[in-house]
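The structure appears right after this line, and notes come after that.
Just so it is clear, the structure is predicted and the values come from calculations on it, not from any experiment.
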Amino acid sequence: MSASTTMEEFEALLNESFEIDTPDEGSVVKGKVIAIEAGQAIIDVGYKMEGRVDLKEFAEPGEAPNVHVGDEVEVFLRQVENAKGEAVISREMARREEAWDRLEKAYADEERVEGAIFGRVKGGFTVDLGGAVAFLPGSQVDVRPVRDAGPLMGLKQPFQILKMDRRRGNIVVSRRAILEESRAEQRAEVIGNLTEGQAVDGVVKNITEYGAFVDLGGVDGLLHVTDMAWRRVNHPSEILAIGETVKVQVIKINKETHRISLGMKQLQADPWDSVEAKFPLESTHTGRVTNITDYGAFVELEPGVEGLVHVSEMSWTKKNVHPGKIVSTSQEVEVMVLEIDSAKRRVSLGLKQTMRNPWEVFAENNPEGTQVEGDVKNITEFGLFIGLDNDIDGMVHLSDISWDQRGEEAIQNFQKGDLVQAIVTEVDVEKERISLSIKALDDSFTGATEGVKRGSIITVTVTSIEDGGVEVEYEGAKSFIRRSDLSRDRAEQRPERFGVGDKIDVRVTNVDQKTRRLGLSIKAREIAEEKEAVEQYGSSDSGASLGDILGAALKGDD
């Protein structure tokens, strides 16, 4: 064997030994701590190599470094030799590699891992899982939002891995999943011991608009606002305070969702059991307005018993008005019980029934013929509405405004707010109607026609000549004589043969007080006179002519 061959073999062996002995950069190797100095541990990693690691790499978050001379440790070999001839090693990176292997196995087996929250970052926290750093989103810290995570920092506690990506170095963990699991077990145990109808003590944990959550010892039940008291409760905080211990009844347990419904009022007597005895029909009571709606107002008669005053039962006079204009919340009012339906837990109340019907009162105080006064409230196409006592109105029909003018003309003389006098002509309490008359105030016709009756002969004065006849006046009362009544002689039935100011004797054929009209006729007077003459001086049958009779009558007059 030549020397050169030996040399080659030796080189090959040496290279081989190097390959075997010198570890690859980027791998985890075992080493031994041979000294600790200047805040660093000097570690012999074999292969005649040493490296230095900062002591803080041996510390858990928030704890002191745990390393001593002689300890065997695993480190990550980053570089075989640096400028100082030392190996560049890292304990932290070794821990990370080690941790990732361990965590990947735990993730695959769906096992919990231990870690400690050590820092706060945007949207959550950082967790050290024994060498690997994970992200804990804020929403995964607890079952309910946590305002202050300070007390949780640095504590060793279990976490559930939600997501892992070794290539990117991402791990997402949850603390909430662990809590929910343990709560679910605890809930199942507590719920197993509860029965519907059971009365239990609980602590008020949270209050919302619609109720309160009560802790029954590891499990929460909802106490709805409508189950707190028999009376109306506007907000749960009127009755409960957070931290208060309350006695509640388990109303319902949903076995699937583990939801528990609780009640407080169920432990007290139901006031509806005695409503019919306490509030007989047509009895009056004082109550408090609790709520106002478009259709009426709710009045509390006693705690837990409310009745509705429908808008139609609120006021005799205010129709189509919002209930809020008549009563206000918390106001004390007197009401009458109109109807009770215990099955539906409804009481119908009346507000107006506790006051007298203003139309009845008016009818008593103002019989027909009474003179009243009031302001013009409204003017319509069929008359005037006049405001009277107690917010009621009376109506003057167009035909009752004036004797002389047509209603459409007469109404033009009035405007809203005018104070007017009128006579009561009718009061209909049922229909809530009062009829008034302005023209009835003028009774000059009655005075003028006193003593005048049908068949009387009176003297009138011509005031106007019309085509259809003549207008005349008697003691201030106007009348009209139609053309056909101007004479029994058709040729003489001409209005133009009269002049304004002429005095004429006429016979009264009708006295109408209602229309203030006298029915007058010259023709009727002439006929009556002839009849009288015939009776006095013989019948026309005896052969005497009318001329003879009238001549005899005239002579007799002389």
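The side-chain heavy atoms of L222 and F213, taken from C-beta on, include a pair separated by under 4.5 Å. Looking at heavy atoms from C-beta onward, I239 lies in side-chain contact with M264 at the 4.5 angstrom threshold. Side-chain contact between V506 and I457: absent, with no pair of heavy atoms (C-beta onward) separated by less than 4.5 Å. Residues E306 and N291 are not in side-chain contact: their nearest non-hydrogen atoms beyond the backbone lie 4.5 Å or more apart. With contacts defined as side-chain heavy-atom distances shorter than 4.5 Å, the pair D400/I438 does not qualify. With a 4.5 Å cut-off on side-chain heavy atoms, F362 and V429 do not count as touching. N365 has its side chain out of reach of T370: every pair of non-hydrogen atoms, C-beta onward, lies at least 4.5 Å apart. With contacts defined as side-chain heavy-atom distances shorter than 4.5 Å, the pair W316/D391 does not qualify.
A donor-acceptor contact shorter than 3.5 Å is absent between the side chain of S435 and the backbone of T425. In this structure, E313 contributes its side chain and H310 its backbone to no donor-acceptor pair below 3.5 Å. D375 contributes no side-chain N or O that, together with a main-chain N or O of K377, makes up a donor-acceptor pair within less than 3.5 Å. Without hydrogens or angle criteria, W359 side chain to E430 main chain gives no donor-acceptor distance under 3.5 Å. Under a 3.5 Å cut-off, the side chain of T463 and the backbone N or O of E471 do form a donor-acceptor pair. Between the D227 side chain and the H224 main chain, no donor and acceptor come within less than 3.5 Å of each other. No donor-acceptor pair under 3.5 Å is formed between the side chain of E360 and the backbone N or O of R356. T317 places no side-chain N or O within donor-acceptor distance of the main-chain N or O of I392, the cut-off being under 3.5 Å. Remark: side-chain polar atoms of E244 are paired, donor with acceptor, to backbone N or O of A241 under 3.5 angstrom. Under a 3.5 Å cut-off, the side chain of R507 and the backbone N or O of A528 do not form any donor-acceptor pair.
Under a 4.0 Å N-O distance rule, the pair D220/K205 qualifies as a salt bridge.
The minimum heavy-atom distance linking S342 with E276 is given by the pair OG-OE2, 2.8 Å. In terms of heavy atoms, K278 sits closest to E302 at NZ-OE1, 2.8 Å. For P236 against M228, the heavy-atom pair with the smallest separation is CB-CE, 3.5 Å. Across I326 and Q331, no two heavy atoms sit closer than the pair O-OE1, 4.4 Å. Minimum interatomic distance between G387 and D393 (heavy atoms only, all atoms of both residues): CA-OD1, 3.6 Å. For the residue pair G263 and L223, the shortest heavy atom distance occurs at CA-CD1, 3.6 Å.
With sequence neighbours excluded, no residue forms a side chain to side chain donor-acceptor pair (under 3.5 Å) with T329. With sequence neighbours excluded, no residue forms a side chain to side chain contact (heavy atoms under 4.5 Å, CB included) with K122.
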Worked verdict on I386 versus I434 for side chain to side chain contact (heavy atoms under 4.5 Å, CB included): CA-CA 10 Å; I386 312 295; I434 296 169; over 6 Å; no

Apply side chain to side chain contact (heavy atoms under 4.5 Å, CB included) to residues V396 and F414 and explain how you reach the verdict. CA-CA 12 Å; V396 181; F414 295 90; over 6 Å; no

For salt bridge (charged side-chain N to carboxylate O under 4.0 Å, His left out), just list the numbers for R176 and D142, CA-CA rounded to whole Å, side-chain angles, deciding distance to a tenth of an Å, and then say yes or no. CA-CA 5 Å; R176 175 180 168 175; D142 207 325; over 6 Å; no

Criterion side chain to side chain contact (heavy atoms under 4.5 Å, CB included) on V327 and V309, from CA distance to verdict: CA-CA 11 Å; V327 293; V309 181; over 6 Å; no

The test is side chain to side chain contact (heavy atoms under 4.5 Å, CB included); show your working for T286 and V333 and say whether it passes. CA-CA 6 Å; T286 302; V333 289; over 6 Å; no

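Environment of CD in E381: sparse, with no more than 12 heavy atoms of neighbouring residues, nucleotides or ligands closer than 6.0 Å. Within a 6.0 Å radius of CD in E496, other residues, nucleotides and ligands contribute more than 12 heavy atoms. Taking a 6.0 Å sphere around CD of E408, one finds it holds more than 12 heavy atoms contributed by other residues, nucleotides or ligands. Within a 6.0 Å radius of CZ in R288, more than 12 heavy atoms belonging to other residues, nucleotides or ligands are found. More than 12 heavy atoms of other residues, nucleotides or ligands lie within 6.0 Å of CG in D273, so this atom counts as buried by the packing criterion. Heavy atoms from other residues, nucleotides or ligands lying under 6.0 Å from CD of E339 number 12 at most. When the shell of 6.0 Å around CZ of R497 is examined, it contains more than 12 heavy atoms from other residues, nucleotides or ligands.
Counted by atom type alone, T461 and E473 present zero donor-acceptor pairs between their side chains at under 3.5 Å.
Note that CG of L388 is 6.0 Å distant from CG of L436, once rounded to the nearest 0.5 Å. Considering CG of N366 and CG of D389, their distance stands at 7.0 Å, rounded to 0.5 Å.
When V204, V200, V203 are each tested for a side chain to side chain contact (heavy atoms under 4.5 Å, CB included) with V246, only one passes: V204.
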